[in-house]
There are 2 protein chains.
Amino acid sequence: MGEVPDIVIGRLPIYLRALKHLMAADKEFTSSQELGRILGIGSAQIRKDLSHFGEFGKQGTGYEISYLSDQISKILNVDRDWSVALVGFGDLGQALAHYAGFASKGFHIDIIFDNDPAKLGESAKGTPVLDVSQIGPIIAERKIRIAIIAVPASAAQAVAEQLVDSGIRAILSYAPITLKLPEYVRVQYIDPVTHLQRMTYYLA
Amino acid sequence: MGEVPDIVIGRLPIYLRALKHLMAADKEFTSSQELGRILGIGSAQIRKDLSHFGEFGKQGTGYEISYLSDQISKILNVDRDWSVALVGFGDLGQALAHYAGFASKGFHIDIIFDNDPAKLGESAKGTPVLDVSQIGPIIAERKIRIAIIAVPASAAQAVAEQLVDSGIRAILSYAPITLKLPEYVRVQYIDPVTHLQRMTYYLA
DNA sequence: TAGATTGTTAATCGATTAACAATC
DNA sequence: TAGATTGTTAATCGATTAACAATC
């Protein structure tokens, strides 16, 4: 089952988001059709995607929302908490450190690194800010697997390599640069400018 | 030529980013092979993608970096400045308002909206913060086409509809919710939690 | 039972890749 | 000229969609 297309994996968090939303609205059951309507995709795609992992619905009635939500959470390994390291405590890093959405979904920013001596010792919500020289020992000691990079593009590659050497296996990078890392490291990018440039093409 | 796949359009900003990077390093020529190495994709894909728009290279020598960069900028309509409206001036909105990367790429946040009276009149880099009730008149008057949404999920759909009614045609949304909008509106989403959840699947 | 919706198969559609003639 | 690399064609690969038997 390790052969599930990554594009399918990429849709599961979206399904999960919609399910949580329905749960919050006290709905008990849903269908691939309803989910498709909410998400603007085809119902067949949703059923096909889910079929990679098992059978979660019932003919005639659809899916029990809390059950499907639990199952997808398990598949994605988000039925547990994750410790996350944040590198970069500038404007963006500070905003990320304060963002409540991470912890509420089980991603806890437990340690922050920066290379500016003026920022060391500061803390966001009680999370300490350490010097980047501590990346190696701390990440290794705490066995942290996930990191968020919020440093300038010029520093990102070096930081990423350090993180991977220390044991990080998944990186969410806000630096506008494509990282060169071993293939066993998962990387996701967030670059708002890229998204904007993708849309201006369609603005005559 | 309106039939260029959106997935191809989505890669052009990445190509552009790599080209700017090479330019900054004072390189004059590149090849699909070199670009592919930098970006971790195949050279054939790059040539195929570019072929949708014309012929930009020379056999034997490849692409002149500044020329190709200019051409892609024109294709994406980023060879000009764009005025952008930001809605939401909380932690995230403020970080976005301070982010230098937008203006340097031609995206100017010229107006900010929030619904918290305490925040009105504040300003980020001289950009005023107005009440959300002003969205309609101001966006229409200034003919702004692009907006960034940084409000809570619960408010995002209503804000988006207001924006579209006022003339906005491209939205970059940070709200973790799928917006339901007319198909003539381009929408891009940024939800860091979704990206993290997509990676934990692979963390045994 | 009648109606609804699943999971899956097969068909369609589209994107990626390999290969190469053209040519700088 | 010899070497390199383009733009494009054709082949491959993979993802989406339509359709439907199974069944709640």
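We name chains A, B, ... by the order of the sequence lines, and we start the count at 1 in each one. Side chains included, hydrogens not; waters and symmetry mates left out as well; all remaining heavy atoms used.
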Side-chain heavy-atom pair B/D116, B/F89 within 4.5 angstrom cut-off: no
Validation row: B/I148, B/F107 side chains within 4.5 angstrom (heavy atoms): no
Under 3.5 Å donor-acceptor, A/R169 side chain and A/I146 backbone: no
[X], nearest nucleotide to its side chain (from [options]):
X	options	value
B/Q59	D/dT17, C/dA22, C/dT8	C/dA22
A/S32	C/dT6, D/dT8, D/dT17	C/dT6
B/R47	C/dT6, D/dG7, D/dT16	D/dG7
B/I7	D/dT17, C/dA15, C/dT6	C/dA15
A/S31	D/dG7, C/dT6, D/dT16	C/dT6

Length of the [atom1]-[atom2] vector between [X] and [N], whole Å:
X	N	atom1	atom2	result
B/E34	D/dA4	CD	C1'	14 Å
A/H52	D/dA15	NE2	P	8 Å
A/Q33	D/dA18	CD	P	13 Å
A/K48	D/dA18	NZ	C1'	12 Å
A/I9	D/dG14	CD1	P	16 Å
A/Q45	C/dG7	CD	P	15 Å
A/D6	C/dA15	CG	P	18 Å
A/F56	C/dT8	CZ	P	11 Å

Earlier contact from the 5' end, DNA chain D, for A/V8 and B/L50: B/L50
Contact nearer the 5' end of DNA chain D, comparing A/G42 with B/T61: B/T61
Bracket notation of DNA chain D in which parentheses pair within the strand, [ ] cross earlier pairs, and | pairs with another strand (Watson-Crick or G-U, under 3.5 Å): ..||||||||||||||||||||||
From A/I38 atom CD1 to A/T30 atom OG1, the distance as rounded to the nearest 0.5 Å: 5.5 Å
Contact under 4.0 Å: A/Y63 side-chain N or O vs C/dG7 OP1/OP2: yes
Geometric class of the A/Y201/B/F53 ring pair [parallel <30°, tilted 30-60°, perpendicular >60°]: perpendicular
Residue closer to the 5' end of DNA chain C, A/A44 versus A/G62 (nearest nucleotide): A/G62
For the student: nearest non-hydrogen atoms of A/E64 and A/F29, plus distance: CA-CD2, 3.7 Å
Over all atoms of both residues, closest heavy-atom pair of B/V185 and B/A170: CG1-N, 4.4 Å
